[in-house]
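What follows is a single structure, and I will ask about it in a moment.
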Amino acid sequence: MKKRTSSVCPIVYALDILGDSWSLVILRDVLIHNKRYYREFLASREGISTNILSARLQTLVHAGLLIKFEGDTNRAQTMYRPTQKALDLYPVVFAIMHWGLKYNPNTDMKIPIMQELVTDENKLAQRLLRNFDDVTRP
């Protein structure tokens with residue numbers, strides 16, 4: 001991804017990290033679906049290519065949103081976990097989901113997480129955050 005020169009604008013900063021079509025999908029998979037391994041990201045419904053996935057994971061690690069834990073014996077064991085910086089994006093992810101629910105007529109409301117988001121967002125956030133009790137918080 002091509003980077004702009006450093007900007008004082010917080011929107012530009014966020015877009016430099018999250019503004020491509022895959023970074024938010026990967027963060028969704030980490031934060032909402034608790035995916036951790038490369039093969040899990042590849043299996044996502046959207047069908048990301050291997051070269052794009054590798055590049056975006058590297059970008060998210062470099063930006064301090066994910067931590068990469070190398071597998072002891074092979075690369076298939078390499079794991080990605082969110083940092084507090086990524087966990088702080090929950091309100092943003094939920095806001096984008098709400099916007100999509102409002103305007104995307106194709107949203108499948110039978111998906112349990114969509115129902116949870118609409119009925120009790122706070123409970124959903126608490127449930128999802130329990131997946132990351134191991135994340136060091138400042």
Side-chain angles (χ1 to χ4, degrees):
M1 262 175 25
K2 188 176 180 182
K3 291 279 187 183
R4 291 179 264 257
T5 57
S6 184
S7 172
V8 297
C9 177
I11 292 175
V12 171
Y13 171 80
L15 287 175
D16 279 346
I17 298 169
L18 305 170
D20 68 273
S21 59
W22 290 107
S23 293
L24 273 173
V25 173
I26 293 168
L27 285 172
R28 174 211 62 192
D29 284 350
V30 170
L31 297 173
I32 304 294
H33 301 298
N34 198 22
K35 292 186 179 183
R36 300 171 184 215
Y37 298 98
Y38 190 87
R39 68 185 173 278
E40 293 176 318
F41 298 117
L42 276 180
S44 292
R45 179 181 322 178
E46 292 79 15
I48 190 169
S49 66
T50 57
N51 61 323
I52 298 291
L53 176 57
S54 294
R56 292 311 178 271
L57 286 170
Q58 184 178 11
T59 297
L60 293 170
V61 168
H62 180 73
L65 293 168
L66 297 178
I67 298 173
K68 180 179 180 179
F69 296 95
E70 299 285 345
D72 290 336
T73 57
N74 69 44
R75 288 181 54 188
Q77 294 175 338
T78 298
M79 181 173 59
Y80 295 88
R81 298 292 284 153
T83 62
Q84 183 60 49
K85 189 175 180 179
L87 296 179
D88 288 344
L89 286 170
Y90 266 116
V92 173
V93 172
F94 285 171
I96 292 170
M97 289 171 71
H98 279 294
W99 185 87
L101 284 169
K102 183 175 181 178
Y103 293 106
N104 180 3
N106 299 319
T107 300
D108 184 356
M109 287 307 294
K110 290 182 241 128
I111 298 172
I113 200 155
M114 297 302 160
Q115 295 172 12
E116 286 180 271
L117 182 69
V118 172
T119 59
D120 196 341
E121 182 178 320
N122 288 332
K123 185 177 175 183
L124 172 62
Q126 290 172 5
R127 180 178 68 76
L128 293 173
L129 280 168
R130 283 194 296 273
N131 292 321
F132 308 111
D133 287 340
D134 60 316
V135 173
T136 305
R137 290 172 172 76

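Here, residue 1 is the first one in the sequence, and each next residue gets the next number.
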Counting N and O atoms only, with roles assigned by atom type, does the side chain of Lys35 sit under 3.5 Å from a partner on the main chain of Glu40, one being a donor and the other an acceptor?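 Yes, the answer is positive, given that a donor and an acceptor are paired below the 3.5 Å cut-off.
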
Is there side-chain contact between Arg36 and Asn34, with heavy atoms separated by less than 4.5 Å?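 Sidechains of Asn34 and Arg36: in contact.
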
Which atom of Phe132 lies closest to which atom of Leu31, heavy atoms considered: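 Closest heavy-atom pair between Phe132 and Leu31: CE1-O, 3.9 Å.
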
Should we count CD of Glu46 as having more than 12 external heavy atoms under 6.0 Å?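 Yes.
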
If you round to the nearest 0.5 Å, how far is CZ of Phe69 from OG1 of Thr78?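 Atom-to-atom, Thr78:OG1 and Phe69:CZ are 11.5 Å apart.
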
Side-chain atoms of residues 95-107: list all donor-acceptor pairs with protein atoms under 3.5 Å, sequence neighbours left out, distances to 0.1 Å.
residue, atom, partner, partner atom, Å
His98, NE2, Glu121, OE1, 2.6
Asn104, OD1, Asn106, N, 2.8
Thr107, OG1, Asn104, O, 3.2

Identify the heavy atoms of Phe94 and Ile32 that sit nearest to each other, and give their distance.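 The answer is CE2-CD1, 3.8 Å.
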
At what distance, to the nearest 0.5 angstrom, does OG1 of Thr59 lie from CG of Leu18?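 It comes to 10.5 Å.
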
Of all the heavy-atom pairs spanning Asp134 and Asn131, show the shortest one and how long it is.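 Heavy-atom minimum between the residues: OD1-O, 3.8 Å.
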
Any heavy-atom pair between the side chains of Leu60 and Ile17 that's under 4.5 Å?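 Contact flag for Ile17/Leu60 side chains = yes.
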
Give a yes or no answer on whether the side chain of Tyr80 reaches the backbone of Val30 with a donor-acceptor pair at less than 3.5 Å.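 Checked: no pair found.
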
Will you find, in the side chains of Tyr38 and Thr50, an N or O donor that is under 3.5 Å from an N or O acceptor?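 On atom types as modelled, these side chains do not qualify, holding no pair under 3.5 Å.
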
Please output the side-chain donor-acceptor pairs of residues 108-115 that fall under 3.5 Å, not counting sequence neighbours, one pair per line with the distance.
residue, atom, partner, partner atom, Å
Asp108, OD1, Lys110, N, 2.9
Gln115, NE2, Met109, O, 2.9

For Lys85, all residues meeting side chain to side chain contact (heavy atoms under 4.5 Å, CB included), sequence neighbours excluded: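 Residues passing side chain to side chain contact (heavy atoms under 4.5 Å, CB included) with Lys85: Tyr13, Leu65, Thr83.
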
Out of Asp20, Val25, Leu27, which residue meets the side-chain contact (heavy atoms from CB on, under 4.5 Å) rule with Arg56?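 That would be Asp20; it is the only one of Asp20, Val25, Leu27 passing the side-chain contact (heavy atoms from CB on, under 4.5 Å) with Arg56.
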
Strictly distance-based, threshold 3.5 Å: is any side-chain N or O of Ser44 a donor or acceptor partner for the main-chain N or O of Phe41?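 A pair under 3.5 Å: yes.
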
Does one side chain, of Asp88 or Gln84, offer a donor that lies under 3.5 Å from an acceptor on the other?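 Yes - a donor-acceptor pair under 3.5 Å links their side chains.
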
Locate the shortest heavy-atom distance separating Pro82 from Leu87; write the atom from each residue and the value.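 Closest heavy-atom pair between Pro82 and Leu87: CG-CD2, 4.0 Å.
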
If I take atom CG from residue Leu66 and atom CG from residue Leu57, how far apart are they, to the nearest 0.5 angstrom?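 Leu66 atom CG to Leu57 atom CG measures 6.5 Å (nearest 0.5 Å).
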
OG/Ser21 to CD1/Ile48 distance, rounded to the nearest 0.5 angstrom?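 Result: 8.0 Å between the selected atoms.
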
